[in-house]
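In what follows, every chain begins at residue 1, and chains take the letters A, B, ... in the order their sequences are listed.
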There are 2 protein chains.
Amino acid sequence: MPKTTFFNLPEEKRQAILDAALEEFAAYSYEQASVNRIVARSGIAKGSFYQYFEDKRDLYFYLLQQASEVKMFYLAPHMAQAQTQNFFTLLRDLYGAAIQFAMEHPRYAELGKRLMDSKGSAIYDEIMAAHADEAIEFFASLLQNAIDQGEVRADINVPMFAHLIVSLNTLIMAYYLEHIARDYDDRLLETLDSFITFLRHGLVAS
Amino acid sequence: MPKTTFFNLPEEKRQAILDAALEEFAAYSYEQASVNRIVARSGIAKGSFYQYFEDKRDLYFYLLQQASEVKMFYLAPHMAQAQTQNFFTLLRDLYGAAIQFAMEHPRYAELGKRLMDSKGSAIYDEIMAAHADEAIEFFASLLQNAIDQGEVRADINVPMFAHLIVSLNTLIMAYYLEHIARDYDDRLLETLDSFITFLRHGLVAS
DNA sequence: TGGTCATATGACCGCCTGGTCATATTGTAG
DNA sequence: CTACAATATGACCAGGCGGTCATATGACCA
């Protein structure tokens, strides 16, 4: 956690530092991100940085936590419907909310993507050890529920497909944002529907 | 390309260097891999390294090229069947061959994975600019072919699903190797079949 | 033996890293 | 105006990086 000195800072300065840091961690992995560049871009002295944060890690984790809070703000309303909604409809809404989040907070989204691309690094392992893949657990229970409701085939490997569904989220998000539209666009619903149709019925010609 | 001096080296020494380098680039991204560690591990002097290779990049590209040649050795027999095989069967064979490759050449597989996780880095962009996503082109034409044959629904976004099929390859590979079996195991065929069934018919209960 | 050429070596270079710390500046309360 | 605490600063540190180069070693031929 940042030191109290950081939270005593005038709003404007604090935001400037967070913006500079977010830009850095969105552009570089944790290891390659540079404290020197962050302080240069935010116009503070190197020494000041260490008056505000324990170390580079401290700032990084703070940003990650902020990003996850903002993302949860988008996801929570749909997650609350988990018991009542049809599985595939819920999935479409969750994927849609995640893309919405990424469009409205591109830096936070890049931060998360950068972390997901750091598999095998010490920092990734540490974070995953702490959070124990909560997302996968969530989707696994969702899947199990859908099987019990008769919405989903019972012969699937639940953990594997839970894993898949999580990864597909970031895949479809990245594809949509890079190849279809960067801002809000009515092709979003269309793309999501076509994707969910695939998850439902596969690719085979009927 | 490595310099001729490198190829004049006694087989044993050359392999020792390649092994050390492969281990390094399998464990660290290109940027974080260390020439110092490579020379230390292979027992040669720093100066010698630069008698053998132009620079770190030179060695890295050489390893990547070797890895891709070995991988093509596994894939080529199946790719040759592209015109005659059923789309889904072909896909299963290709995914299977890729997993076989990863099991028999884990270091090469890690090297490739590490590269795929470097999206956004200069080296990744450079490699992708040079190879223009050949894999995606291949699967796109495969998909189009399958549509023409009536094997696959005609209403899909071909580039998007080509993209998806490529990414799913690395996904299913990583999942199988990390969560199911690290060596050859009869669960491979079972896992592949269940996965291909999903690609065909989706998750919905019939 | 002496000469020539390929190869091997590690000290060294400039640069960047995350992090520290003595000092200077500022704000505030008495 | 003083005194004290909070904050701001950048020179500095040790260590790692990729890469260079003068020199040493070794192999081969005359």
Whole-Å distance separating the [atom1] atom of [X] from the [atom2] atom of [N]:
X	N	atom1	atom2	value
A:Phe7	D:dA6	CZ	P	18 Å
B:Asp55	D:dC17	CG	P	16 Å
B:Leu9	C:dT9	CG	C1'	14 Å
B:Asn36	C:dT9	CG	P	15 Å
B:Gln51	D:dA22	CD	C1'	12 Å
A:Lys3	C:dT20	NZ	C1'	11 Å
B:Phe49	C:dA8	CZ	C1'	15 Å
A:Lys46	D:dA11	NZ	C1'	11 Å

Which value, rounded to the nearest 0.5 Å, describes the distance between [X] atom [atom1] and [Y] atom [atom2]?
X	Y	atom1	atom2	result
A:Tyr30	A:Lys56	OH	NZ	5.5 Å
A:Asp117	A:Tyr124	CG	OH	10.0 Å
B:Ile180	B:Tyr175	CD1	OH	5.5 Å

So what does [X] hit on the nucleic acid, given a heavy-atom distance under 4.0 Å: a base, only sugar-phosphate, or nothing?
X	result
B:Leu59	nothing
A:Lys13	sugar-phosphate
A:Ser48	base
A:Phe53	nothing
A:Arg57	nothing

Given B:Phe87, which of B:Leu90, B:Thr89, B:Leu91 fulfils the side chain to side chain contact (heavy atoms under 4.5 Å, CB included) condition? B:Leu91
Closest listed nucleotide, where the reference is the side chain of [X] and the choices are [options]:
X	options	answer
B:Val35	D:dT7, D:dT9, D:dG18	D:dG18
B:Ala45	C:dT20, C:dT17, C:dT9	C:dT9
B:Arg37	D:dG19, C:dT17, D:dC17	D:dC17
B:Tyr50	D:dT20, D:dC17, C:dG19	D:dT20
B:Asn8	C:dT7, D:dA8, C:dG10	C:dT7

Looking at B:Glu12, I want to see if its CD is surrounded by more than 12 non-hydrogen atoms of other residues, nucleotides or ligands under 6.0 Å. no
D:dT7 pairs with which nucleotide, Watson-Crick or G-U wobble, both distances below 3.5 Å? C:dA24
Base-pairing mate for D:dC29 - Watson-Crick or G-U, with both contacts under 3.5 Å: C:dG2
Hey, is the side chain of A:Lys56 pairing donor to acceptor with the base of C:dG19 inside 3.5 Å? no
Taking the nucleotide of DNA chain C with the closest heavy atom to each, which residue, B:Tyr52 or A:Ser34, is nearer the 5' end? B:Tyr52
Provide the closest heavy-atom pair for A:Leu9 versus A:Arg14 in the form atom of the first, atom of the second, distance. O-NH1, 3.6 Å
